[in-house]
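The structure appears below as structure tokens.
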Amino acid sequence: MESEKGMRTMRYLTEMHFLYNDKIVHEEFNKEQFFHFLQDDSFLSTNKVAKQYRKKEVLIREQEEVRDLFFIKEGCVMATQESKRVMSFHASGDIIGLENLILYSDAKYSFEVISDKVSIIKCNKAEMVEKILNAQEGYLYYYIHLQNLIQHLRNKEELLRLSSEQRINLVLFCCALKYGEKKHGTTKVCFPKYINKGIIAKYSNLNPNTVTVSLQKLEEAKIIESVRRKMYIDLAKLEKRLDGC
């Protein structure tokens with residue numbers, strides 16, 4: 001009896017640990033899993049439309065009523081505010097339009113295509129919100145989604161506290177790591193052309209001339225090099241420079 005009781009207690013503690021352990025929740029209900037969950041029709045079927053947008057096309061305009069969600073399959077989109085500040089970048093696996101669960105709320109940002117094209121799956125927001133609210137695990141997925149949005153805002157706030165040179169170095173490192181194309185057998189990455197100097201300046205809240213000067217310094221330090229209108233960044237060297245700041 002004591003042994004059986006002990007086993008029940010252990011099972012209970014294991015279940016509670018799984019339910020409330022933050023690390024496990026983040027692993028089991030991460031961005032990728034949420035992306036697939038919302039597109040899975042086995043639980044609740046939703047209407048979906050596959051579309052392509054070209055560079056400079058706008059998915060959602062600032063202060064426009066948000067009626068649709070956009071699942072990015074390929075390409076890159078930037079979020080802007082008042083056409084002056086770049087707030088974030090969104091690429092494959094990201095969801096646009098789900099900043100809150102309020103139906104037909106106004107968008108805080110505009111979302112503009114910056115790559116040559118973007119492939120997306122467009123869905124009705126009301127249908128997706130219903131799916132989240134009616135799924136047992138829906139609130140956990142949305143909790144992690146909100147946590148990621150909040151963490152990005154914190155990271156952006158911390159970025160703007162850095163010196164201009166540190167800001168640019170960090171933006172280059174993060175964008176190259178996430179969106180760049182790795183050069184086989186080296187620590188170099190081809191920086192995405194669609195994130196240009198002007199966009200870097202707007203994202204880091206700096207003058208484009210300041211960005212140009214910083215890029216020249218990195219080129220002199222052999223951290224970046226330009227080859228046939230492409231910019232390559234040595235991530236190992238840039239990381240070392242960031243650690244030394």
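The analysis underlying the following values was restricted to heavy atoms, covering all of them including side chains, and did not include hydrogens, waters or symmetry mates.
For K156, the NZ atom is densely surrounded, since the number of other residues' heavy atoms within 6.0 Å is greater than 12. Counting heavy-atom neighbours within 6.0 Å of E32 CD, excluding the residue itself, gives a total above 12. Environment of NZ in K183: crowded, with over 12 heavy atoms of neighbouring residues, nucleotides or ligands closer than 6.0 Å. For K55, the NZ atom is densely surrounded, since the number of other residues' heavy atoms within 6.0 Å is greater than 12. Residue E225 qualifies as enclosed at atom CD: its count of foreign heavy atoms under 6.0 Å is above 12.
The hydrophobic clustering, which links ILVMFWY residues whose side-chain heavy atoms are closer than 4.5 Å, places L160 and I200 apart.
Closest non-hydrogen pair, N100 versus Y142, comes out as CA-OH, 2.9 Å. In plain terms, the two heavy atoms of M78 and V86 that are nearest each other are SD-CG2, 3.9 Å.
Under the rule for a ring pair (Phe, Tyr, Trp, His ring centres under 6.0 Å), Y232 has no partner lying at least two apart in sequence or in another chain. For Y53, the ring pair (Phe, Tyr, Trp, His ring centres under 6.0 Å) test picks out no residue, with sequence neighbours left out. Applying the ring pair (Phe, Tyr, Trp, His ring centres under 6.0 Å) rule to F111 yields the partners H90; only residues at least two apart in sequence or on another chain are considered.
Put simply, the residue from E130, Q136, K131 that forms a side-chain contact (heavy atoms from CB on, under 4.5 Å) with N134 is E130. The only member of R167, R161, Q166 that meets side-chain contact (heavy atoms from CB on, under 4.5 Å) when paired with S163 is Q166.
Inter-residue side-chain proximity for I96 and L69 is flagged as unmet; no heavy-atom pair is nearer than 4.5 Å.
Checked for salt-bridge contact, R241 and E165 meet the test: a charged N lies under 4.0 Å from a carboxylate O.
The aromatic rings of H145 and F34 are tilted relative to each other, their planes meeting at an angle between 30° and 60°.
The six-membered or imidazole ring of Y203 lies near that of F89, with a centre-to-centre distance under 6.0 Å.
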